[in-house]
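Reading through the structure tokens given below for one structure.
Counting from 1, the numbers follow the sequence of the chain as shown.
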Amino acid sequence: YRRQRQMCIRDRYSMDNGYIVRFIRKDDKPVEEFFYHTYEEAFVHLALFRNDDSGLYRRIEIVQAWGDDKAITALKTR
């Protein structure tokens, strides 16, 4: 059972190339990016900023780490 479980975990990461949470700033400073292995992990990070009123970010988005640069999920801040 242990061997089967380890294989499933390893396969999960090898099939998914990961996700980036990208913070696009309003002040044109460099974009901040954070890598996560799963979409769920990336979404948890994004969700922390649902009520962000700092005024620092124009948009916060999740994109695939490799491939298309199009946002999968985006959060427009105030």
> Do Ile20 and Val31 share a hydrophobic cluster, counting only Ile, Leu, Val, Met, Phe, Trp and Tyr and linking them when any side-chain heavy atoms are less than 4.5 Å apart?
Replying inline: no
>> Applying salt bridge (Lys or Arg N to Asp or Glu O under 4.0 Å), can you list everything that pairs with Arg59, at least two apart in sequence or on another chain?
In response: Glu61
>> Quick check on the hydrophobic clustering: are Tyr19 and Leu48 connected, directly or via other members, by side-chain heavy-atom contacts under 4.5 Å?
In response: yes
>> Measuring from atom CD1 of Ile24 to atom CD of Glu32, what distance do you get when rounded to the nearest 0.5 angstrom?
In response: 11.0 Å
> Out of curiosity, does Val63 fall in the hydrophobic cluster containing Val21 (side-chain heavy atoms, cut-off under 4.5 Å, transitive links)?
Replying inline: no
> Among all residues two or more places apart in sequence or in another chain, which pass the side-chain hydrogen bond (donor to acceptor under 3.5 Å, both in side chains) test with Asp27?
Replying inline: Arg25
> By ring-ring contact (aromatic ring centres under 6.0 Å, His included), which residues pair with Phe23, not counting sequence neighbours?
Replying inline: Phe34, His45, Phe49, Tyr57
>> How close do Asn17 and Ala65 get, counting heavy atoms only, and between which atoms?
In response: O-CB, 3.4 Å
> Taking all atoms of both residues into account, what is the closest heavy-atom pair of Ile72 and Gln64, and its distance?
Replying inline: CD1-CG, 3.4 Å
>> Is there a path of hydrophobic side-chain contacts, each under 4.5 Å between heavy atoms of I/L/V/M/F/W/Y residues, joining Phe43 to Leu75?
In response: yes
> Checking side chain to side chain contact (heavy atoms under 4.5 Å, CB included) for the pair Asp28/Arg58: CA distance, chi angles, key distance, verdict?
Replying inline: CA-CA 10 Å; Asp28 294 326; Arg58 178 177 299 123; 4.0 Å; yes
> With a 4.5 Å limit on heavy-atom distance, are the side chains of Thr73 and Tyr39 in contact?
Replying inline: yes
